[in-house]
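One structure below.
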Amino acid sequence: MPAAIKSELNQFMKGLIRRNPGELEFHQAVEEVAASVLPYILENRKYRDAQILERMTEPDRIVIFRVTWEDDKGRVRANRAWRVQFNNSIGPYKGGFRFHPSVTLSVLKFLGFEQVFKNSLTGLPMGGAKGGSNFNPKGKSEREVMRYCQSLMIELHRHIGEDTDVPAGDIGVGAREISFLFGQYKRLENRFTGILTGKGLSFGGSLVRKEATGYGAVYFCQNMLERNGDSLEGKNVAVSGSGNVAIYTVEKALELGAKVLTISDSSGFIYDPDGIDAEKLEAIKDLKEVQRKRIHTYTNLFPKAEFHEGKRPWHVPCQIAFPCATQNELNEEEAKALLSNGLMAIAEGANMPTEPGGIRTFRDAGILYAPGKAANAGGVAVSGLEQSQNALRLSWSRDEVDAKLKHIMRDIHEKCVLNGKQEDGTVDYVQGANLSGFIKVAEAMLAYGVV
Ligand code: NDP
């Protein structure tokens, strides 16, 4: 990075850290974007004069509230929830809701900030937001989760709406939680309207929404490989996570002829030397989505597989990696191990799963590296399509939605190539995604004047 840009970046980050002390994940997400867009801002005075980056890194508003609920033993419990409405320059706020004990304001600000760029990349009219709570759904009964969702919606319903803010799921918030939240919203507002996405198919959900993030990540990876005259066919693949994104990443990778060797959860990872085939994937869906069991129980069903407790899958030799669990789950040492074992492409299903040292390692090595805001945008894209179907009061077929998803992922890939192409013909997908996402939002903000 040229010295002038580096000094500008350091100065910008100093101010941001001073204004947002202790918010490490937020600092990390902003620094990555700022490093990509600052050269462009310095070349284009209009963005600099309008303080666009300073304004983009300050959320429009944050709502923080208490959620009080009663557990099955009749004890009163209290949790904290947030909704970070980051930027609605190009459309109503849109972004998931996360239930996990690790949720903090910093985590939600990083996710909301990334969401602004991701939503811009989809080409759909969606602003960026993120919400969450430090509630831990693990070990809670179905009724406890229901009461929690209902209590949360009593406050949240004041801040959302189909033209204001449309939340969706994320870690710990799947079909079950979205259903409880939607049922409560409908009761409070006496209106049946698309204020959440990821809904059940019988009440306004879209076909392919559940699969969209994972499928989209694989489509994006296939686009990168195709540009290099290659494909997923016959490649060994490592996947982390065993939630919504991971499961449908595995499904699409299998369909495209890859061999998937790993899957994981926060307790460790499964290595299946024979590959996780379609039949085994159905067993995983049953374990995780129906029985809500831990991933190590896979070895009870398939004894040839190994469970590596407390470990992550990044030392397993593979050509393609899909981190699909959570932020900062792949460090520099693991990135080096992946490279020395023959990694050629990585597409992030999760948000910010690679630590900065790992990103540097992948970019320096010149392999195909797709950051989450591009690779996992398929989820929010189909959420946008769900909103369109709700507004039109109709439902598109599975093939129609899948074709639109494929088209959107191809379009995002082309935008990344356009703004990330290097002199030697390779593509810096980080720069491509950040710059493409930035320009659209920045232009809208400039058009609004000083707001
Ligand atoms: P799920 O809750 O369905 O699954 C999350 C998976 O990640 C689980 O296997 C979970 O294991 C694992 N995990 C969670 N926290 C940790 C941790 N600290 N360390 C190791 N493993 C962990 O969530 P999703 O699949 O929906 O989301 C996964 C990622 O994808 C997140 O980064 C999310 O923001 C991102 N994403 C999701 C989208 C969506 O449409 N759902 C859209 C775009 C991005 P365990 O059960 O042990 O906690």
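Position 1 is the first residue of the sequence; numbering continues from there. Side chains are part of it too, since the values below use all heavy atoms of this structure and drop only hydrogens, waters and symmetry mates. Counting starts at 1 for both ligands and their atoms, in listed order.
For ligand 1, the polar-atom distance check finds no N/O of Gly379 at less than 3.5 Å from any of the ligand's N/O atoms.
In this comparison of His100, Lys138, Lys373, Glu177, the heavy atom closest to atom 15 (N) of ligand 1 sits on His100. Of the listed options Gly214, Gly174, Ala325, Ala217, Ala325 places a heavy atom closest to atom 13 (N) of ligand 1.
Under 4.0 Å from ligand 1, the heavy atoms of Arg209 that appear belong solely to its side chain. Contact annotation: for Thr213 versus ligand 1, heavy atoms closer than 4.0 Å belong to the side chain alone. With a 4.0 Å heavy-atom cut-off, ligand 1 is reached by no atom of Pro353. At a heavy-atom distance under 4.0 Å, no atom of Gln327 approaches ligand 1. Of the heavy atoms in Arg98, only side-chain atoms (C-beta onward) come closer than 4.0 Å to ligand 1. Residue contacts with ligand 1 for Cys324 involve N, CA, C or O but no side-chain atom from C-beta outward (heavy atoms, distance under 4.0 Å).
With no hydrogens or angles considered, no side-chain donor-acceptor pair links Tyr93 and Asn119 at under 3.5 Å. Side-chain contact check for Ser242 and Asp265: no donor-acceptor pair (N or O, by modelled atom type) lies under 3.5 Å. Side chains of Gln291 and Asp286: a donor on one and an acceptor on the other come within 3.5 Å. At a cut-off of 3.5 Å, with distance as the only test, no side-chain donor of Thr213 or Asn376 sits close to an acceptor on the other residue. Defined by atom type and a distance below 3.5 Å, a donor-acceptor pair is present between the side-chain atoms of Tyr369 and Glu348. Between the side chains of His413 and Tyr429, at least one donor-acceptor pair of N or O atoms lies under 3.5 Å.
Scanning all protein heavy atoms for the shortest distance to atom 9 (O) of ligand 1 gives Ser242 N, 2.9 Å. The nearest protein atom to atom 4 (O) of ligand 1, hydrogens excluded, is given as Gly243 CA, 3.2 Å; this is a heavy-atom distance. What sits closest to atom 27 (O) of ligand 1 on the protein, heavy atoms only, is Ile171 CG1, 3.7 Å. Summary of contacts: the protein heavy atom closest to atom 41 (N) of ligand 1 is Asn244 OD1, 3.7 Å.
Less than 6.0 angstrom separates the ring centroid of Phe182 from the ring centroid of Phe192.
The backbone N or O of Thr197 sits nowhere less than 3.5 Å from a side-chain atom of Gln387 that would complete a donor-acceptor pair.
Ring geometry for Phe97 versus Phe99: interplanar angle over 60°, hence perpendicular rather than tilted (30 to 60°).
Shown in contact with Ser266 at under 4.0 Å from a heavy atom are these atoms of ligand 1, numbered in order with element: 11 (O), 19 (N), 20 (C), 21 (N), 22 (C), 45 (P), 47 (O), 48 (O).
The closest approach between any non-hydrogen atom of Arg312 and ligand 1 is not below 4.0 Å. Residue-ligand proximity: Ser264 is placed with a non-hydrogen atom under 4.0 Å from ligand 1.
Under a cutoff of 6.0 Å and an axis angle of 45°, Lys140 and Phe135 form a cation-pi pair.
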